[in-house]
2 protein chains.
Amino acid sequence: MTKADSPSQEDLMKLDNFLCFAIYSTNHAFTRVYKPLLDELDLTYPQYLVMVVLWEKDDQTVGSLGERLFLESSTLTPMLKRLEGMGYITRLRDRTDERQVRVKLTESGRALRKKADRVPHDIASATGMEPAELVRLKQEIASLRTSLLR
Amino acid sequence: MTKADSPSQEDLMKLDNFLCFAIYSTNHAFTRVYKPLLDELDLTYPQYLVMVVLWEKDDQTVGSLGERLFLESSTLTPMLKRLEGMGYITRLRDRTDERQVRVKLTESGRALRKKADRVPHDIASATGMEPAELVRLKQEIASLRTSLLR
DNA sequence: AGGATTTATATCGCGCACGATGTAATCGTG
DNA sequence: CACGATTACATCGTGCGCGATATAAATCCT
């Protein structure tokens, strides 16, 4: 394929040319980098993301957490039950709308934030990227996500 | 946070500032875009990636597939058994080294490639990105992966 | 040669992640 | 106000994905 040609069918079918595979495999790579850091908090990577959302804004419904994380209730419900079992959150039906479940941090869940303080910095340094560069890449990928979900 | 400051602890802990979450959620978004396309091939997204690797180079070991896809045998073995069950591949112990399992396309597996021909183009157009831009982003993410795995 | 070590794959248990479906509460419309 | 539709969450079945562990074959080392 020269610069002037459009990519051939051969090229299009090569794994190394797949943007999706770059994303897919880098996602796994992130999970591996997080593992030792999160083991100390007794959290999995998806559980950590839930905690981050709750640290940002406590007392949310399952639905609002799902919207924020792009996850379904079928994924969240069991995860939240595990976090509840670990004592980091509570799950209670909303008094005024019994369909909703309000998820709140416990004292222990709030305390965990301090233990997690160094995680973002450690991850950032594992990327080997400059902060500004990192922000730009993050933004590009987020806007790709928007296109894909359209 | 002004331009001159380094990011505060508050900023570092915000989900929307996580590069990893951009990757994580965009990976899910890709899976959703692929779903209707791959349903017609009776493949899941990870199974499709395995087939792409085999279409590139037939007759590989479980180990070489894992190296290519960054997956462990504990993930691949069950996936390959499913693909074998669907008649797309065969799994046979290597005669000269009985530890290895050689994975080969069946006639039906090779034929599937034609049905998959339009998938890469459809995906590319769902990204809404220009080919050159797409290549650049893919490359940036792949090199991030390399940093993370270091 | 032969026992220790390494390598390649498989198995198991756990936790995500989803689509399909179920259930109960709420809303909306006549 | 009643009843059909919608909403919010939960449940179930399937398929990743991994770490820990198992098993068998190949290799290494004297």
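It should be emphasised that the depicted structure is a prediction, and the values quoted were computed from it without experimental measurement. The analysis underlying the following values was restricted to heavy atoms, covering all of them including side chains, and did not include hydrogens, waters or symmetry mates. Order of the sequence lines sets the chain letters (A, B, ...), proteins ahead of strands, with each chain counted from 1.
At a non-hydrogen distance threshold of 4.0 Å, Thr44(B), Pro46(B), Gln47(B), Phe70(B) from residues 42-70 of chain B come into contact with DNA chain D.
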Show, in sequence, the C-alpha distance, side-chain angles and deciding distance for Lys104(A) and Asp58(A), and conclude whether the salt bridge (Lys or Arg N to Asp or Glu O under 4.0 Å) test is met. CA-CA 6 Å; Lys104(A) 299 185 194 180; Asp58(A) 198 358; over 6 Å; no

Stepwise salt bridge (Lys or Arg N to Asp or Glu O under 4.0 Å) test for Asp97(A) and Arg99(A): CA-CA 5 Å; Asp97(A) 184 347; Arg99(A) 291 172 306 178; 2.9 Å; yes

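Nearest to the side-chain atoms of Tyr24(A) among the listed nucleotides dG15(D), dG17(D), dT11(C) stands dG17(D). Nearest to the side chain of Val101(A), among dA10(D), dT11(D), dT11(C), sits dA10(D). Among the nucleotides dA10(C), dC16(D), dC12(C), the one closest to the side chain of Ser74(B) is dC12(C).
Taking the six-membered ring for Trp and the full ring otherwise, Tyr24(B) and Phe30(A) have centroids separated by 6.0 Å or more.
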List the protein contact pattern of nucleotides 21-28 of chain D with one symbol per nucleotide (5' to 3'): B for base contact, S for sugar-phosphate-only contact, - for none; contact means a heavy-atom distance under 4.0 Å. ----BS--

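Atom CG of Leu71(B) and atom OG1 of Thr77(B) lie 11.0 Å apart (nearest 0.5 Å). Taking CD of Glu107(B) as the start and CG of Leu112(B) as the end, the distance is 11.5 Å to the nearest 0.5 Å. How far CD of Gln60(B) is from CG of Leu105(B): 9.5 Å, rounded to the nearest 0.5 Å.
Mapped onto DNA chain D by nearest heavy atom, Thr31(A) and Arg91(A) fall at different nucleotides, with Arg91(A) at the one closer to the 5' end.
Among the heavy atoms of the strands lying under 4.0 Å from Leu71(A) are primed sugar atoms or P, OP1, OP2 only; no base atom is included.
Thr106(A) places a side-chain N or O within donor-acceptor distance of the main-chain N or O of Gly87(A), the cut-off being under 3.5 Å. In terms of modelled atom types and a separation under 3.5 Å, the side chain of Thr26(B) and the main chain of Ala22(B) share a donor-acceptor contact.
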